[in-house]
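Proteins get letters first, then strands, A, B, ... in listed order; numbering begins at 1 in each.
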Protein chains: 2
Amino acid sequence: MSPPTHAGRTLRDRKRDRTRRALIAAAVDLFERRGYDGTTVADIAAAADVGTRTFFSYFGSKEELMFPDSQARVRAAVAAIAARRPSDRPADVLLRALRDVGATDGGLDDMVGRLTALRLRLIRTVPAVRGRALQLALAVQREIAGHLRRAFPAELDDVGAAALVGAFVGAVTGALQVLLEDPDTHNDPEYLRQRLHTAMDDVLRPWR
Amino acid sequence: MSPPTHAGRTLRDRKRDRTRRALIAAAVDLFERRGYDGTTVADIAAAADVGTRTFFSYFGSKEELMFPDSQARVRAAVAAIAARRPSDRPADVLLRALRDVGATDGGLDDMVGRLTALRLRLIRTVPAVRGRALQLALAVQREIAGHLRRAFPAELDDVGAAALVGAFVGAVTGALQVLLEDPDTHNDPEYLRQRLHTAMDDVLRPWR
DNA sequence: CAGCTTAGCTGCACTCAGTGCCATACTGCA
DNA sequence: TGCAGTATGGCACTGAGTGCAGCTAAGCTG
């Protein structure tokens with residue numbers, strides 16, 4: 001699709017990109033070994049060989065490090081809405097957009113699998129990370145609602161679009177909350193996606 | 001229904017209750033005058049005439065102070081589910097339960113209005129407070145899902161119930177997000193509730 | 001290539017949330 | 001009245017996050 005991110009233009013950009021990845025890699029490693037609370041920001045910075053102060057010029061907070069690709073998800077959803085066909089109803093478009101958001105995991109090479117699995121675990125267990133995830137979900141939701149409304153101006157108003165998107169995202173979130181408890185879904189994002197998909201079909205049937 | 005909270009049994013309980021209210025009152029006052037970030041926990045404790053350390057034996061965190069009645073909301077929802085009639089579908093029960101949750105504001109005398117208005121503003125503007133609100137909403141959602149599933153064992157499974165409740169709560173949350181931006185709804189919870197109600201009816205029509 | 005400019009790195013000092021510990025004071029109860 | 005349990009709050013500490021200022025090195029220009 002678009003040019004991969006790893007070809008930063010200037011030396012500075014490339015170095016910055018490398019440091020960013022190093023921080024994420026170091027954090028994932030430390031979180032897996034010592035746990036989230038057992039790892040300080042200073043530890044992460046030291047492991048990535050940068051000053052503690054520098055960490056905060058890459059990530060606004062410790063939690064933010066777990067969600068490095070949040071913008072990509074928004075873009076995926078917007079693209080799905082833009083690619084709609086004339087026959088699509090709002091719910092159809094929305095369902096496809098959400099599927100694309102869930103499938104978005106690009107931009108971080110090998111790290112992806114480990115990061116995703118770790119993220120799921122930390123969302124379950126660390127309040128600060130769960131809080132951050134929720135806020136991001138809300139932001140994505142808001143963004144999608146805006147685009148959806150513009151795509152269907154005759155059928156949706158501000159509040160209606162927000163409520164509709166909220167219902168769909170809420171269904172996903174609610175189902176996820178239960179599914180993430182299920183030991184079978186741990187460390188198996190594919191199986192998780194499968195079960196989520198069937199649950200969604202079930203709940204959202206009245207709309208389609 | 002149940003005896004009001006203000007008649008604490010022992011002297012200790014009454015004193016504890018008074019201190020709790022004093023902390024909330026002091027915090028509301030300071031937040032309104034100096035803002036959330038401009039007020040430290042030490043300030044609040046000093047204004048309520050207790051030690052800083054003691055604050056944390058009443059509230060686990062600074063944000064938690066803004067949600068002193070969270071348990072009451074859960075109880076309201078559970079009561080609404082318990083009071084269902086044989087002819088009710090899950091969606092009917094759920095809609096009534098959510099309405100009751102929204103209407104729950106009891107237990108804090110005069111403070112209620114100011115606290116509610118302040119909370120709405122802080123949820124909009126302070127990330128930490130918004131995060132806490134989201135987590136509480138998720139917890140309530142989870143609780144409701146459990147009760148709803150037990151109330152309709154033939155029609156709902158774990159994941160289905162969670163997804164259904166998630167969809168409804170999500171619709172509320174989504175609509176709220178937009179409505180809270182509207183200046184007309186600031187400081188007017190009743191008008192807010194009205195608009196929320198009509199929006200919900202609209203979005204959830206396919207279910208009823 | 002030499003020199004100037006500017007962006008990014010980082011140490012330092014600081015604030016504030018939150019915790020563990022312990023001595024003290026007060027309440028409830030016998 | 002005396003004992004036991006509990007709330008209190010001071011003290012010291014950790015860790016997240018910020019502002020500042022000096023330095024280094026990348027980028028650009030002639």
Nearest 0.5 Å please: distance from the CG atom of B:Leu95 over to the CG atom of B:Asp201.
-> 7.0 Å
Atom OH in B:Tyr36, atom CG in B:Leu122: separation rounded to 0.5 Å?
-> 7.5 Å
Taking DNA chain C as the partner, which of residues 36-44 of chain A come within under 4.0 angstrom of it by heavy atom?
-> none
Students should find that the nucleotides of DNA chain C closing off the region near chain B, any atom under 4.0 angstrom from a heavy atom, are C:dC16 to C:dG28
In whole angstrom, what separates A:Asp13's CG from D:dA25's C1'?
-> 15 Å
Please work out the stems of DNA chain C from pairs that are Watson-Crick or G-U wobble with both distances under 3.5 Å, keeping only runs of three or more consecutive pairs.
-> C:1-30 with D:1-30
Run the salt bridge (charged side-chain N to carboxylate O under 4.0 Å, His left out) check on B:Asp157 and B:Arg149 step by step: do they pass?
-> CA-CA 6 Å; B:Asp157 62 358; B:Arg149 184 182 150 274; over 6 Å; no
Roughly how far, to the nearest 0.5 Å, is the CG atom of A:Leu192 from the CG atom of A:Asp182?
-> 9.0 Å
Is A:Met200 close to A:His197 at the side-chain level, that is, under 4.5 Å between some pair of heavy atoms?
-> no
Working for salt bridge (charged side-chain N to carboxylate O under 4.0 Å, His left out), residues A:Asp17 and A:Arg21 = CA-CA 6 Å; A:Asp17 216 59; A:Arg21 287 162 194 274; 3.2 Å; yes
For B:Lys62 and B:Val129, indicate whether the former's side chain and the latter's backbone hold a donor-acceptor pair under 3.5 Å.
-> no
Between A:Asp17 (CG) and D:dA26 (C1'), how many Å, whole number?
-> 17 Å
Output all residues satisfying side chain to side chain contact (heavy atoms under 4.5 Å, CB included) with B:Ala128, sequence neighbours left out; order by chain, then residue number.
-> B:Glu63, B:Val126
Is a side-chain donor or acceptor of A:Arg84 paired with a backbone partner of A:Val93 at a separation under 3.5 angstrom?
-> no
Taking 4.0 angstrom as the limit, do B:Arg96 and B:Asp92 come out as a salt bridge?
-> no
Protein heavy-atom contacts under 4.0 Å, written 5' to 3' over nucleotides 3-10 of chain D as B (base), S (sugar-phosphate only) or - (none), form the string --BBSSBB
B:Arg73 charged N/C atom sitting above B:Phe67 aromatic ring, 6.0 Å / 45° | no
After noting the C-alpha distance and the side-chain angles of B:Arg124 and B:Glu181, does the key distance pass the salt bridge (charged side-chain N to carboxylate O under 4.0 Å, His left out) rule?
-> CA-CA 8 Å; B:Arg124 248 186 308 132; B:Glu181 299 290 318; 5.7 Å; no
Would you list the atom pairs, donor with acceptor, under 3.5 Å between side chains in residues 43-56 of chain B and any protein atom, with sequence neighbours excluded?
{"residue": "B:Asp43", "atom": "OD1", "partner": "B:Thr40", "partner atom": "OG1", "Å": "3.4"}
{"residue": "B:Asp43", "atom": "OD2", "partner": "B:Arg34", "partner atom": "NH1", "Å": "3.4"}
{"residue": "B:Asp43", "atom": "OD2", "partner": "B:Thr40", "partner atom": "N", "Å": "3.1"}
{"residue": "B:Asp43", "atom": "OD2", "partner": "B:Thr40", "partner atom": "OG1", "Å": "3.3"}

